Amino acid sequence: MEKGLISVDRWTEGSQVYFLTHLHSDHTHGLSSSWAKGPLFCSRLTAKLFGFKFPDFNLSLIRILDIGSWHSLSLVSPSIGSQTTVQVMAIDAHHCPGAVMLLFRGEFGCLLYTGDFRWEATSERANRGRDMLCNAIKDEAVDIVYLDNTYCNPSYTFPTRQIAAQQVVDIIVSHPEHDVIIGIDTLGKEDLLLHISRVLQIKIWVWPERLQTMHLLGFHDNFTTNTSLTRVRAVPRYSFSTETLEGLNTMRPTIGIMPSGLPWVKHLQRDDNLFDSLLTRYNRRKMSTNGEVRTDQPDGKSRYVEKLHEYIYSVPYSDHSSFLEIEDFVKIVQPTNLKGIVSASTCYIEPMYYFGCLCGANQPAQRLHYKHKRKGRGRVAAGQTKSSFGSGNSAKYERKRGSIVKIKFLGGHVSRVTALRRMQHGAKILENESPENSC
DNA sequence: GCGATCAGCT
DNA sequence: CACAGCTGATCGC
């Protein structure tokens with residue numbers, strides 16, 4: 001972030017200290033078990049989970065940032081060459097377990113790197129985070145905010161996670177005879193699963209590595225790897241598709257629930273009515289947010305639950321801030337400058353375009369900045385499906401996709417590289433059989 | 001033979 | 001539009 005001094009979620013050479021906001025893969029590109037470019041600072045919980053993702057990492061490089069307190073680092077000024085002090089505070093980002101924002105003070109001024117964050121208006125936890133941040137910046141202007149701009153567009157509106165979690169419960173309750181699969185990642189959405197588990201008084205199935213993570217996080221009673229104990233299973237998001245659901249439904253009635261701030265559109269088979277309805281929905285959103293921002297729904301009704309497919313529901317459970325939440329955050333921090341840290345979109349718009357008028361220096365809104373992503377292939381028309389999986393052959397299909405839940409981790413016919421990766425994964429599990437020992 | 005990186009896909 | 005991440009192929013050591 002500051003050249004020659006500190007890096008946040010970037011792992012190339014040239015900094016004196018490195019910071020990791022959270023353990024999602026898009027923030028650890030370049031990190032590996034053999035990485036050794038300098039001390040690595042992260043939250044206590046991230047440190048606890050770290051060894052699971054990077055088994056042979058030199059743990060003596062890891063420095064823990066306790067949340068809410070200033071840490072002083074003595075570094076060498078890249079400009080003058082003399083000693084310079086950098087202060088840093090980690091603040092709960094409410095994104096996934098261990099995720100923090102980082103507030104820096106030093107010769108470069110005052111910088112706030114949000115990492116990925118959710119800024120909900122309500123909940124005790126949200127209020128604590130808000131108070132902590134306000135307290136930390138009350139005496140000093142923030143010069144630059146590096147902002148999680150994932151949903152930095154007025155069309156992104158969704159309710160609190162509390163409300164979305166109840167929507168998921170409602171869907172499950174309304175399908176008493178169905179199995180349920182929920183798409184999740186290697187980290188995140190634990191509160192959603194805990195809510196389901198507690199309200200419905202059932203365990204949630206997770207895959208073996210995910211159970212280890214749950215144990216590291218201190219959840220020992222709500223999860224299981226035994227499919228016979230529950231009808232609700234959390235499965236890797238990458239294995240969640242219409243094909244998966246159709247395959248499962250040849251065996252048992254099953255619905256899929258995709259919790260996401262993004263409308264879950266991809267991987268649907270061609271269905272003109274469906275795409276028409278999706279198109280209508282997007283147009284409606286755009287129109288309703290043209291000029292006047294539509295507020296998130298306070299009533300908590302299933303307004304944004306979408307039935308996308310015979311077996312699939314999309315629920316607006318997001319670990320990133322909605323547009324209105326980002327706006328609220330910028331209003332509170334009032335930085336002099338604002339930079340987006342997520343630029344993967346094909347149509348990236350500088351957050352300053354929306355929030356320039358809220359920033360400290362009251363600069364004019366900047367012009368739209370489009371960043372075009374090069375793609376090797378042209379865009380595939382909506383509804384055009386790939387044929388490589390041969391969706392007509394259900395027997396073959398079941399081997400390949402349908403029974404991911406059961407066979408995915410039991411080996412089978414895999415390449416050497418994959419087998420090795422799985423063995424390494426297995427080794428990790430063994431190492432972590434006593435979660436209390438880590439860190 | 002291994003890790004790092006990339007393309008492709010979910 | 002593209003949240004985060006797996007997989008297989010290839011490349012360089």
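Source: prediction; values computed, not measured. Each chain gets a letter, A, B and so on, in the order its sequence line appears, and its residues count up from 1.
- The nucleotide whose nearest atom lies closest to any side-chain atom of A:Tyr156 is, among C:dC1, C:dA4, B:dT10, C:dC1.
- In this structure, the CZ atom of A:Phe54 is 10 Å from the P atom of C:dG5, given to the nearest Å.
- For A:Ser174, there are no side-chain hydrogen bond (donor to acceptor under 3.5 Å, both in side chains) partners two or more places apart in sequence or in a different chain.
- The distance from atom CD1 of A:Ile312 to atom P of B:dT10 is 13 Å, rounded to the nearest whole Å.
- Side-chain rings of A:Phe223 and A:Trp205 stay apart, their centers remaining 6.0 Å or farther from each other.
- The distance from atom CD of A:Glu190 to atom C1' of C:dA4 is 14 Å, rounded to the nearest whole Å.
- Atom CZ in A:Arg118 sits about 12 Å away from atom C1' in C:dC3, given to the nearest Å.
- Non-hydrogen atoms lying under 4.0 Å from DNA chain B are contributed by A:Ser32, A:Ser34, all within residues 24-42 of chain A.
- Using a 4.0 Å cut-off, no side-chain N or O of A:Ser239 falls inside it from OP1 or OP2 of B:dT10.
- Ring to ring, A:Phe50 and A:Phe57 are close: their centroids are under 6.0 angstrom apart.
- The side chain of A:Ser260 sits closest to C:dC3 out of B:dT10, C:dA4, C:dC3.
- Between A:Tyr311 and A:His175, a ring centre-to-centre spacing not shorter than 6.0 Å is recorded.
- With ring centers used as reference points, A:Phe355 lies under 6.0 Å from A:Phe323.
- Ring centroid separation for the pair A:Tyr151 and A:His320 comes in under the 6.0 Å cut-off.
- Whole-Å rounding puts the A:Lys53 NZ to C:dA4 P distance at 11 Å.
- Separation of atoms CG (A:Asp116) and NE2 (A:His27) is listed at 3.5 Å; rounding is to 0.5 Å.
- Nucleic acid contact class of A:His22 (heavy atoms, under 4.0 Å, all strands): none.
- As judged by a 4.0 angstrom heavy-atom cut-off over every strand, A:Ser318 is placed among residues making no nucleic acid contact.
- Using a 4.0 Å heavy-atom cutoff across all strands shown, A:Asp319 reaches no nucleic acid atom at all.
- Put simply, OH on A:Tyr238 is 22 Å from P on B:dA7, counting in whole angstrom units.
- For the pair A:Arg210 CZ and C:dC6 C1', the interatomic distance rounds to 15 Å; values are reported in whole Å.
- Separating the CD atom of A:Glu209 from the C1' atom of C:dA4 is a distance of 16 Å, rounded to the nearest angstrom.
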